[in-house]
Amino acid sequence: MRYAALLVWASCIPVMGWCADSPKNIPPGSDASIERAVDSILARLTLEQKVGQLVQYTSSWNDSLTGPGERRADILERIEAGTIGSILNASGARLTRELQDIAVKQSRTGIPLLFGLDVIHGYRTMFPVPLAEAASWDPSAVERSAHVSAIEAAAAGIHWTFAPMVDIALDPRWGRIVEGSGEDPHLGAVMAAARVRGFQTHNLRSPSTLLACPKHFAAYGGAEGGRDYNTVDVSERTLRDLYLPPFKAALDAGALSTMSSFNEIAGVPSTGNRWLLTDLLRKEWGFTGMVVSDWNSIGELVKHGVAETLAEAARMGITAGTDMDMEADAYWLHLPELVKSGAVPSAVLDEAVRRVLRTKFRIGLFDDPYRWTSTATERSLLLHPDHLAAARDVARKSIVLLKNHGQLLPLRKDLPRLAVIGPLADSDDDPLGPWSAKGRREDVVTLREGIQRAVSPATIVEYARGCSIDTVGTDGFPAALALARTADAVILALGEDRDMSGEAACRSTLDLPGSQQALLEAVVQTGKPVVLVLMNGRPLSIPWADEHTPAILEGWFLGVQAGNALADVLFGDYNPSGKLPVTFPRTAGQVPIYYNHKNTGRPGDADDHWTSKYLDLPLTPLYPFGYGLSYTSFRYDDIRLSRNSMTREDTLRVTVRLSNTGKRFGEEVVQMYIRDNVGSVTRPIMELKGFHKVGLEAGDSRDVEFVITQDCLKFTDHAMQYRVEPGTFTVMIGPHSAQVQSRIFTLQ
Ligand code: NOJ
């Protein structure tokens, strides 16, 4: 059986594309020919082999476990038996070729394995964490970053990345905010689409692509209290208007898989949510790709309390529309019996298997199960100089200048003495950020190294750690302060370590951890000019720093080129252009605080007691969404509308004249927001609907134009219809969400 089966399919491999008996009207590689080939494979599989295609296990070999549990001892046997469809956490051209060899040459089915990995912001060449990249507001740079990640990971035998993570996050305590694009659905959608284009390009069969998997479907970012895996309870309207747009954009950009989320929404865990995974995703949106569960999220249906047994969880998962079982073993252990007993119709199983096989065809696995990988190609591509250049480019674009009092920055490169202080100043590990795939600390240019490379040969750069990131202790203060006192300027790098954000890494405060706040205060007290460089995976609450430190750079976790990128900005080789993709609160007690909130019936007013506010905090955040400074300055002239009213059929143009009023070239992210003034349901006070990143030489001016179509005005109305309502709208343009000028227009 074993080899016979192989022979049948070996002869079918070319068949899938251009079979001799393929009817002439079915072009090779077309959807129709794939469907035909899938049907023919399906017809030959036993029940166990079908179920096997839906099984995904973590590897017993080289990569770290990315969830709880044990590595399995029987993976090789399972591959040989043809009862495993996909492996996660196995990478490297050699290993994946060896495993694939077993699957296609020795297994009873001959069906290639699908190798998946969390390639979230780089494979070996680590790019900035996704939240940082979103701060670039530069979709082409983000697309390039995803594409480089795809080139490297694909060369190492990976077919499928569990990315982009497109969850909207309103609570910075949630550690996974670092993996997404922040709080805004429009920016999130633009970035989601850019990443999908970068991973998949227009041709998923090309050797340098990865199948994308926008995750976590859905509303995972709405976890109560910002605590990972926690309950989510959002209305369908909020789900549709806030959480789903980035998913829709990713799927419209061609993503062919998605991952169900751990959380429940209003009592129904996503992995068992038929409305979400079938009615909405497949029927309403027309998605034809496959859904993988999150790690053991089928098994967790039992802990959620919606399934009594693992068998029941398996039944719920498959009937909801979860095709592949990551690590729960629920499908393997129970689906055969459930199908035999009729509890799960065989057509439901077949449909899930069909989706998995279809995916394997779509990425060319039946044309070449190894997808052209070789150890030589892998070696030549990892950390390729072009990749490092791309990483440096997007890293510097991701940096946000939060404060620059007295134009302290950029620093002169020929200052006699520079003190580089702080637990993150020479860290070669933290800049990799969480989810760093094959990133290695020896690849990282630390901040200290970047500074040393950038300054004049005569400049003395001295370093002191000062304190650790997370523990309390001031032993290192005296040395750090002594250094600061003798320096012409201090660069102080503070923040979080890379494990303080990411999965299962939530914090109850947003303050600088450990003794870092005390170190900051002591260093500032020396009276020396201090530049604070933050490294962190979430917004931090730094009101003291904002008040007392002359210059602050948000440096996130910028990847292997972190030090070079930061030095480019510190010394003015690059003029910062990043803007915050998320609001920075004054304190965790202000959370959730986001720019696109509702007005309420009693909008906050500091002078009116009976309004929505805290007694002990200003109404505003520390730094608003969209905020970020430059070394030059920009002037926004009055905005102009092409007309004052529009119909659903036509468009309206809004133009603003932007001038660079400073002394050097700079880039500005011009942002357009809209408010629907009166709706059948309450609407946010403003919503980002467009942005342009514009470069201008000193003294130059340019008209920046936005086109408003009815698509910019749609929302889910009182009847749950996604549509526009006539009435007046306010359009707002400005450098960030808290500094806009506005005009009103009417939709007839
Ligand atoms: C669990 C995480 O939630 C998910 O994002 C990731 O892709 C899987 N583990 C696999 O590592």
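Computation of the quantities below employed the complete heavy-atom set of this structure, encompassing side-chain atoms and omitting hydrogens, waters and symmetry-equivalent molecules. Computed from a predicted structure; not experimentally measured. Counting convention: from 1, in listed order, for ligands and their atoms alike. For reference, positions follow the sequence shown, starting with 1.
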(message) Please check whether Asn89 reaches ligand 1 - meaning an N/O of the residue sits under 3.5 Å from an N/O of the ligand, judged on distance alone.
(response) no
(message) My understanding is that only one of Arg282, Arg358, Lys50 makes a salt bridge (charged side-chain N to carboxylate O under 4.0 Å, His left out) with Asp323; could you say which?
(response) Arg282
(request) Could you list which atoms of ligand 1 come closer than 4.0 Å to a heavy atom of Leu88? (result) 10 (C), 11 (O)
(message) Apply salt bridge (Lys or Arg N to Asp or Glu O under 4.0 Å) to residues Lys215 and Asp294 and explain how you reach the verdict.
(response) CA-CA 9 Å; Lys215 67 184 187 185; Asp294 203 342; over 6 Å; no
(message) For a quick test of reading the model, state the closest non-hydrogen atom pair linking Val142 to Ser136 and the distance between them.
(response) CG2-OG, 3.8 Å
(request) Measure Asp118 to ligand 1 on non-hydrogen atoms and call it side chain, backbone, both or neither using the 4.0 Å cut-off. (result) side chain
(message) Using a 4.0 Å cut-off to any heavy atom of Phe262, which atoms of ligand 1 qualify?
(response) 1 (C), 3 (O)
(message) Show me which atoms of ligand 1 lie under 4.0 Å from any heavy atom of Phe162.
(response) 7 (O)
(message) Does only the side chain of Met165 get under 4.0 Å from ligand 1, or the backbone, or both, or neither? Count heavy atoms.
(response) neither
(request) Pull out every atom of ligand 1 sitting under 4.0 Å from any heavy atom of Lys215, numbered as shown with elements. (result) 4 (C), 5 (O), 6 (C), 7 (O)
(request) Verify the neighbour count for atom CZ of Arg94: are there more than 12 heavy atoms of other residues, nucleotides or ligands below 6.0 Å? (result) no
(request) Below 4.0 angstrom from a heavy atom of His216, which ligand 1 atoms are there? Numbered from 1 as shown, please. (result) 3 (O), 4 (C), 5 (O)
(request) Report yes or no: does Arg538 contribute a side-chain atom to a donor-acceptor pair with the main-chain N or O of Pro172 at less than 3.5 Å? (result) yes
(request) Ignoring angles and geometry beyond distance, decide whether Arg176 reaches within less than 3.5 Å of ligand 1 through its nitrogen or oxygen atoms. (result) yes
(message) For Phe557, does the six-membered ring have the charged nitrogen or CZ of Arg498 within the cation-pi criterion, i.e. under 6.0 angstrom from the centroid and within 45° of the normal?
(response) no
(request) Pull out every atom of ligand 1 sitting under 4.0 Å from any heavy atom of Asp294, numbered as shown with elements. (result) 1 (C), 2 (C), 3 (O), 4 (C), 6 (C), 8 (C), 9 (N)
(message) Tell me if the centroids of the rings in Phe127 and Trp556 come within less than 6.0 Å of each other.
(response) no
